[in-house]
A.B. asks: 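Here you go, one structure.
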Amino acid sequence: MPSLMSRLFRPFSSQPMRFNPETAAQNYPEGSQKCTLAAGCFWGVEHMYRHTFANKGLIDARVGYIGGDSKNPSYRAVCSGRTGHAEALQIIFDPSQLSYKTLLEFFYKMHDPTTSNRQGPDTGSQYRSAIFYHDEEQEKIARDVTKQVQDKWWTKGKVVTEILPAGEWWDAEDYHQRYLDVNPGGYECPSHFLRKFPPLEGQLDETNSPARLELARRAAAGTIKPSEFRRLTQNL
């Protein structure tokens, strides 16, 4: 069983560093989208998203580095705080099953967005809170959700999450991918846990997917019968 100290303080791995640039386009389903977030140590961020949204629209998730100025960043270089990169998670998701808004609301529940360049005991700009949007629609949603969580959830502190266009992405070294699945006793940032907040206005929960809401709109308009609505939404 891992010691309490090993779970409270992040170890600095002595494994060899391997450069993994952003890979060529993967064979993801047509219509899939990206969501790129930074919320502190990427091991726990990836672990929480994978386990919460598996089989619910999450197609893939990779940890890596974004927001810096240098090329070919290694874990050791990013940990120095001198490259400008943030440890981040890039999610590939199916927007017909899982909305971008839902992913952002989860983001604001699972970490503390009011601590500048820090999560728990992990300090440095590489641990900053940030949303890296991929288009104008994502930027609009990110700013709207951020305003709502400031007003309704994180009322006792100022949300310092950066909202920036997604620049060049670099995959982290292979041993960081699915780190807590491979190392179940590994370090987990104590700031990474799911807070209990009331729903935001217009919040989509896991049962209200965009596909379900579209069917509900059609049922309300009378274009499909209630019995057809129930049949079509049984597996949503």
Side-chain angles (χ1 to χ4, degrees), residues 20-40 42-68 85-111 129-146 149 161-174 176-182 192 194 200 202-218 232-236:
N20 285 307
E22 184 173 12
T23 54
Q26 302 291 320
N27 293 320
Y28 295 128
E30 184 178 355
S32 59
Q33 296 181 9
K34 291 180 182 179
C35 172
T36 305
L37 308 165
F42 50 23
W43 296 338
V45 182
E46 177 195 34
H47 191 70
M48 291 185 70
Y49 270 94
R50 280 192 179 277
H51 282 253
T52 300
F53 297 107
N55 302 315
K56 297 176 182 177
L58 186 147
I59 298 169
D60 194 15
R62 301 281 296 177
V63 297
Y65 316 117
I66 193 171
H85 291 87
E87 290 193 15
L89 178 70
Q90 189 161 94
I91 299 164
I92 307 299
F93 67 100
D94 179 353
S96 71
Q97 300 182 56
L98 178 62
S99 74
Y100 183 67
K101 185 171 183 284
T102 295
L103 292 171
L104 295 191
E105 288 170 350
F106 185 82
F107 167 79
Y108 279 118
K109 290 178 181 178
M110 60 75 56
H111 84 299
S129 174
I131 299 168
F132 298 92
Y133 58 84
H134 292 272
D135 56 37
E136 291 182 359
E137 179 65 17
Q138 285 195 353
E139 180 185 12
K140 179 179 181 297
I141 294 170
R143 295 194 184 282
D144 179 62
V145 171
T146 300
V149 301
T161 301
E162 297 178 346
I163 301 175
L164 301 167
E168 193 164 21
W169 169 269
W170 305 90
D171 273 357
E173 295 81 352
D174 285 346
H176 289 298
Q177 309 299 332
R178 297 178 180 263
Y179 184 86
L180 289 174
D181 286 337
V182 177
H192 289 164
L194 207 56
L200 296 177
Q203 181 174 8
L204 295 176
D205 63 28
E206 293 173 13
T207 62
N208 281 337
S209 68
R212 185 184 181 91
L213 291 177
E214 173 59 18
L215 289 171
R217 184 192 66 77
R218 290 169 60 191
L232 292 172
T233 58
Q234 280 181 345
N235 297 321
L236 291 179

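Numbering starts at 1 and runs along the sequence shown.
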A.B. asks: Taking all non-hydrogen atoms of both residues, which atom of Ile163 and which atom of Ala142 are closest, and how far apart?
C.D. replies: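 For Ile163 and Ala142, the tightest heavy-atom pair comes out as CD1-O, 3.9 Å.
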A.B. asks: Just verifying a value: how many Å separate Thr52 OG1 and Leu58 CG, rounded to the nearest 0.5 Å?
C.D. replies: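 One gets 9.5 Å once the value is rounded to the nearest 0.5 Å.
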A.B. asks: Looking only at non-hydrogen atoms, find the nearest pair between Leu37 and Leu103 and report the distance.
C.D. replies: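 Heavy atoms of Leu37 and Leu103 come nearest at CD1-O, 4.4 Å.
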A.B. asks: Run the side chain to side chain contact (heavy atoms under 4.5 Å, CB included) check on Val145 and Phe107 step by step: do they pass?
C.D. replies: CA-CA 10 Å; Val145 171; Phe107 167 79; over 6 Å; no
A.B. asks: Please list, chain by chain and in numerical order, all residues satisfying ring-ring contact (aromatic ring centres under 6.0 Å, His included) with Phe93, sequence neighbours excluded.
C.D. replies: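 ring-ring contact (aromatic ring centres under 6.0 Å, His included) list for Phe93, sorted by chain: empty.
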A.B. asks: If I take atom CD1 from residue Ile59 and atom CD from residue Gln97, how far apart are they, to the nearest 0.5 angstrom?
C.D. replies: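 Going from the CD1 atom of Ile59 to the CD atom of Gln97 covers 7.5 Å.
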A.B. asks: Measuring from Asp171:CG to Tyr65:OH, what's the distance to the nearest 0.5 Å?
C.D. replies: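 One gets 9.5 Å once the value is rounded to the nearest 0.5 Å.
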A.B. asks: For Tyr108, give me all partners under side chain to side chain donor-acceptor pair (under 3.5 Å), at least two apart in sequence or on another chain.
C.D. replies: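 Partners of Tyr108 by the side chain to side chain donor-acceptor pair (under 3.5 Å) criterion, ordered by chain and then number, come out as Thr146.
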A.B. asks: Does some side-chain heavy atom of Lys34 sit less than 4.5 Å from a side-chain heavy atom of Ile91?
C.D. replies: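 In short, these two side chains do not touch, never coming nearer than 4.5 Å.
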A.B. asks: How would you list, by chain and number, every residue that makes a ring-ring contact (aromatic ring centres under 6.0 Å, His included) with His51, sequence neighbours excluded?
C.D. replies: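 Listed in chain order: His47.
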A.B. asks: How long is the gap from CD1 on Ile141 to OG on Ser99, to the nearest 0.5 Å?
C.D. replies: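 That separation rounds to 7.5 Å.
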A.B. asks: Under 3.5 Å, side chain of Gln177 to main-chain N/O of Val63, donor-acceptor pair present?
C.D. replies: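 At least one qualifying donor-acceptor pair exists.
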A.B. asks: Please identify each residue that fulfils side chain to side chain contact (heavy atoms under 4.5 Å, CB included) with Ala88, with sequence neighbours left out.
C.D. replies: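 Once residues adjacent in sequence are excluded, the partners of Ala88 under the side chain to side chain contact (heavy atoms under 4.5 Å, CB included) criterion are Ala38, Ile66, Trp169.
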A.B. asks: Given 3.5 Å as the limit, does a donor-acceptor pair link the side chain of His192 with the main chain of Trp43, or not?
C.D. replies: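 It does not hold such a pair.
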A.B. asks: Checking Asp135 now: which residues fulfil side chain to side chain contact (heavy atoms under 4.5 Å, CB included) with it, not counting sequence neighbours?
C.D. replies: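 Here the qualifying residues are Glu137, Gln138.
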A.B. asks: Who passes side chain to side chain donor-acceptor pair (under 3.5 Å) against Thr36, sequence neighbours left out?
C.D. replies: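 Gln90, His134.
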A.B. asks: More than 12 heavy atoms of other residues, nucleotides or ligands under 6.0 Å from CZ of Arg50: yes or no?
C.D. replies: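 Buried by this count: over 12 neighbours within 6.0 Å.
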A.B. asks: Under a 4.0 Å N-O cut-off, is there an ion pair linking Lys109 with Glu105?
C.D. replies: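 No salt bridge links Lys109 with Glu105.
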A.B. asks: I need the Lys56 NZ to Thr102 OG1 distance, nearest 0.5 Å.
C.D. replies: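 So the gap between those two atoms works out to 11.0 Å.
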A.B. asks: Between Phe132 and Pro165, is any pair of side-chain heavy atoms under 4.5 Å apart?
C.D. replies: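 The answer is no; the side chains never approach within 4.5 Å.
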A.B. asks: Arg143: which residues meet the side chain to side chain donor-acceptor pair (under 3.5 Å) condition with it, sequence neighbours left out?
C.D. replies: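 Listed in chain order: Glu139.
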A.B. asks: Which pair of heavy atoms, one from His85 and one from Gly68, lies closest together, and at what distance?
C.D. replies: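 Closest pair (atom of His85, atom of Gly68, distance): CD2-N, 3.4 Å.
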A.B. asks: Mind checking ring-ring contact (aromatic ring centres under 6.0 Å, His included) for Tyr49 and listing every partner two or more places apart, or none if nothing turns up?
C.D. replies: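 Tyr49 satisfies ring-ring contact (aromatic ring centres under 6.0 Å, His included) with Phe53, Phe106 once adjacent residues are dropped.
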A.B. asks: Testing the basics here: between Gly44 and Leu180, what is the closest heavy-atom pair and its distance to 0.1 Å?
C.D. replies: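 That closest heavy-atom pairing would be CA-CD1, 3.9 Å.
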A.B. asks: Using the test salt bridge (Lys or Arg N to Asp or Glu O under 4.0 Å), find all partners of Glu162 that sit at least two apart in sequence or belong to another chain.
C.D. replies: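 Counting only residues at least two positions away or on another chain, Glu162 forms a salt bridge (Lys or Arg N to Asp or Glu O under 4.0 Å) with Arg128.
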A.B. asks: Find the distance between CD (Gln33) and CG (Leu98) and round it off to the nearest 0.5 Å.
C.D. replies: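 Going from the CD atom of Gln33 to the CG atom of Leu98 covers 10.0 Å.
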A.B. asks: Quick check: do Phe42 and Leu89 have side-chain heavy atoms less than 4.5 Å from each other?
C.D. replies: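 Phe42 vs Leu89: side chains apart.
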